[in-house]
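Have a look at the structure below, then the notes.
These figures come from a predicted structure and were not determined experimentally.
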Amino acid sequence: MENYWSYNKEIQIHEAFIKFVEDDLAPRTGISKKIFWKGLYRLIKKFSKKNERILLRRKELQNQINAWYSKNAGCNGNIEEYKKFLKNIGYLIDQATDFKIDPDNVDQEISEKLAPQLVVPVDNARFAINAANSRWGSLYDALYSTDVIGSAIQNVNFDYDRAKRVIVWTKTLLDKILPLKSQSWSDLVSIKIKNHKLEFFTESGQVYPESDTCYQGYNLNDQELEILFYHNNLGIIIVINESSKIGELDPASMSDVILESAVTTIMDLEDSVATVSVEEKLVAYKNWLKLMTGEINFSFESNGRTINRSLNLDRHFISSLGKSFQVRNRSLMFVRNVGHHIMTPIVKLNDGSEIGEGLLDALVTTACSLSDLMKKEGVKNSLKGSIYVVKPKMHGPEEVTFTQDIFDEVEDILNLPRNTVKIGVMDEERRTSLNLKECIRRIRSRIVFINTGFLDRTGDEIFTSTLLGPMIPRNEMKSAEWLQAYEKNNVDVGLQCGFIGHAQIGKGMWAATEKMSQMYTDKIDHVSAGASCAWVPSPVAATIHAVHYHQVNVRSIQKKLVKKADPTFHINSLLQVPTLDGKVLPKKYILSELENNVQGILGYVSRWINQGIGCSKVLDINNTYLMEDRATCRIASQYLANWFHHELISKREILETFEKMALKVDKQNAKNSGHKKLSENRQNLAILASLELVFEGSNQSCGYIEDIMFKYRRQVLEGNS
């Protein structure tokens, strides 16, 4: 530890982190401990004060906006004056001149493959491994286990009729995406490989595919034959096994259809985790390190036997020319760092203040990835020698520049070539949306991803303009003018800046984890709008959503859209604040919305504060499971804070609703052994945190929930619950 102690007069580093660096990080990545500690010291000295100034700048701008709203209550009707004001204070800047992004060494999973994307808490090793291994997914299993082909299966016994419906549904899909000449897949009685060539047979004889280019190769393993096709640059594996339970049902012995599904995954250190303590954060860091080294594993008991999970090895096939080749069998992994506003107790300055956790994330997650760059073969993440980081919650171009400067410094510390670290920019804050083109320009040689996030973006929209008036109801927000412009603007800007063939344009999460039929119906809109990828809540959802990328040629849509992309067109619509504008809502409706949002807050916060669960399926007020994280909590608390500020709801009504919903959440969690009853203790820290989120929501920095959530979670960890 001698390299650390030499800096002890100016910084204080938690002993557990020192042990992690010296016992785990340094040996596994080959980085010198001396270089790491000197680099951390250098990073802190150079950027800590800048981090503080960025956060102060956010407050200054918000104070100026609040003052404007106080004097100009009708600014929604005078957009030009509003724009002039925002430009004068530096909130809105002139559009950048036209340019094209130029990141190099980008893996094809990002540049060429258009497919679903998973987001998973990296502090949960089992979830992380499952997500990384979700590059391929069984369509048969996904259809059989969900409600896409009818009500989800309830009994545990094998349902032959349901299995037959799965086969019919899948073959109808294959007829559309891998059509045969004058025949249907349902007519096939035999599928064979002869002299490395693919042959199809019906009762009448041999038939042929409409395209000879889709077939790529095969793999024969014991009695199971896997045949690989490509359509829209995504893989499809047809499995033939006449001795399997499913193969016996099929005339051609097809036992499964496997789709290339979660081609990319974001391993999350941010919204989906609750890493408040040093120890919790180190678990997440260690998991990311072991994902990069390939060592990660997890064991659990199931039905009396031990199940071991580790990262998949690549798949092997033989081409029509008889040559063997490998196919990637793991999702390409990003790591999402925290935003600039999060502080960490892992490292403190000599005055006791915590440093920005984003600074630590930048150095540690990049250093962890060195092990992947060092590998020549095996379980590699990037084949191009790049490291992929998603940076969330940046407010405008100056914060993007700050991120760029941080990673320049990190690369210098670790002796990496410039722009080794590629950045995904979350377009989820208003100042970023309005200035997206300039944000991209600032990071043009690193950027590989932009993504919209309805929840955080709406939370920021409400917070920024809360003084202007009460907001429209939450369920009306998705059809609001600003939100439609936001989604369209994200695609148009990305296309105009040359993302095709270089970077992803993403869409947000489908939260209803059990409603896969509705997802299958609705989420095709994301690909039809020109999105390269969209978020899904599970590996099964990824496989179902993957069907959309075969039904729609997204690249063709993008090439049509780029010809008419005009981001400047959307700015006025983006500035249309979604207030009620004098519309009076029925009191009964207001109280119903109050209950809905309070229940959502309590259901999530009780798990976060008392159990340290950052993201999970939580029952909503209608007893439907939804995937909840900090972004969902932010939007709910900002809604109620806004309505409370404008007296649509009173303090008494809020308190009474919390008491009522505490009973409901307790009932919903009756079988949750870790749940601490909310209705029996008004001083339950989860209730206190939830109330503070509402009553103090308008006073939080940019409407974020972390200061309050971290405060109460730390009390639980300290044994004060």
Which heavy-atom pair separates [X] from [Y] by the least distance, and what is that distance?
X	Y	result
Val283	Asp123	CG1-O, 3.6 Å
Asp314	Val327	CB-O, 3.5 Å
Val106	Lys422	CG2-CE, 4.4 Å
Gly459	Gln638	O-CG, 3.9 Å
Gln117	Cys533	OE1-SG, 3.8 Å
Ser261	Ala115	O-CB, 3.8 Å

Measure from the side-chain N and O atoms of [X] to the backbone N and O of [Y], and report whether any donor-acceptor pair falls under 3.5 Å.
X	Y	result
Asp629	Ala631	yes
Asp372	Ser382	yes
Thr432	Gly396	yes
Asn435	Arg431	yes
Ser386	Asn105	yes

*Going through the checks in order, is the side chain to side chain contact (heavy atoms under 4.5 Å, CB included) test met by Val389 and Val335?*
CA-CA 5 Å; Val389 174; Val335 59; 4.0 Å; yes
Salt bridge check, [Y] against [X]: does any charged N sit closer than 4.0 Å to a carboxylate O?
X	Y	answer
Arg336	Asp268	yes
Asp405	Lys50	no
Asp427	Arg457	no
Glu399	Arg57	no
Arg630	Glu270	no
Asp492	Lys564	no
Arg634	Asp460	yes
Lys290	Glu295	no
Asp361	Lys281	yes
Asp271	Lys393	yes

_Exactly one of Val448, Ile387, Val390, Ile443 should register a side chain to side chain contact (heavy atoms under 4.5 Å, CB included) with Ile423. Which one does?_
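Exactly one candidate clears the test, Ile443.
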*Parallel, tilted or perpendicular: which fits the ring planes of Phe20 and Tyr285, with parallel below 30° and perpendicular above 60°?*
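Phe20 vs Tyr285 ring planes: parallel.
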_Under the ring pair (Phe, Tyr, Trp, His ring centres under 6.0 Å) definition, can you give me all pairs with a residue in residues 412-460, not counting sequence neighbours?_
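Listed by first then second residue: Phe334-Phe449.
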*asked:* Enumerate the ring pair (Phe, Tyr, Trp, His ring centres under 6.0 Å) contacts for residues 532-553, please, sequence neighbours excluded, ordered by first and then second residue.
replied: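 Residue pairs passing ring pair (Phe, Tyr, Trp, His ring centres under 6.0 Å), neighbours aside: His231-His550, Tyr520-His548, His545-His548, His545-Tyr549.
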*Please determine which of Gln484, Glu481, Lys488 meets the side chain to side chain donor-acceptor pair (under 3.5 Å) test together with Ser573.*
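Among Gln484, Glu481, Lys488, the one meeting side chain to side chain donor-acceptor pair (under 3.5 Å) with Ser573 is Glu481.
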Should we count [atom1] of [X] as having more than 12 external heavy atoms under 6.0 Å?
X	atom1	value
Lys375	NZ	yes
Lys380	NZ	yes
Lys59	NZ	no
Tyr91	OH	yes

*asked:* Side chains of Thr344 and Glu354: any donor to acceptor distance under 3.5 Å?
replied: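 No, no side-chain donor-acceptor pair sits under 3.5 Å.
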*By ring-ring contact (aromatic ring centres under 6.0 Å, His included), which residues pair with Phe402, not counting sequence neighbours?*
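Here the qualifying residues are Phe47, His340.
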*Within 45° of the ring axis of Trp136 and under 6.0 Å from its six-membered ring centre, is that where the NZ or CZ of Arg315 lies?*
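Judged by the rule, Arg315 and Trp136 form a cation-pi pair.
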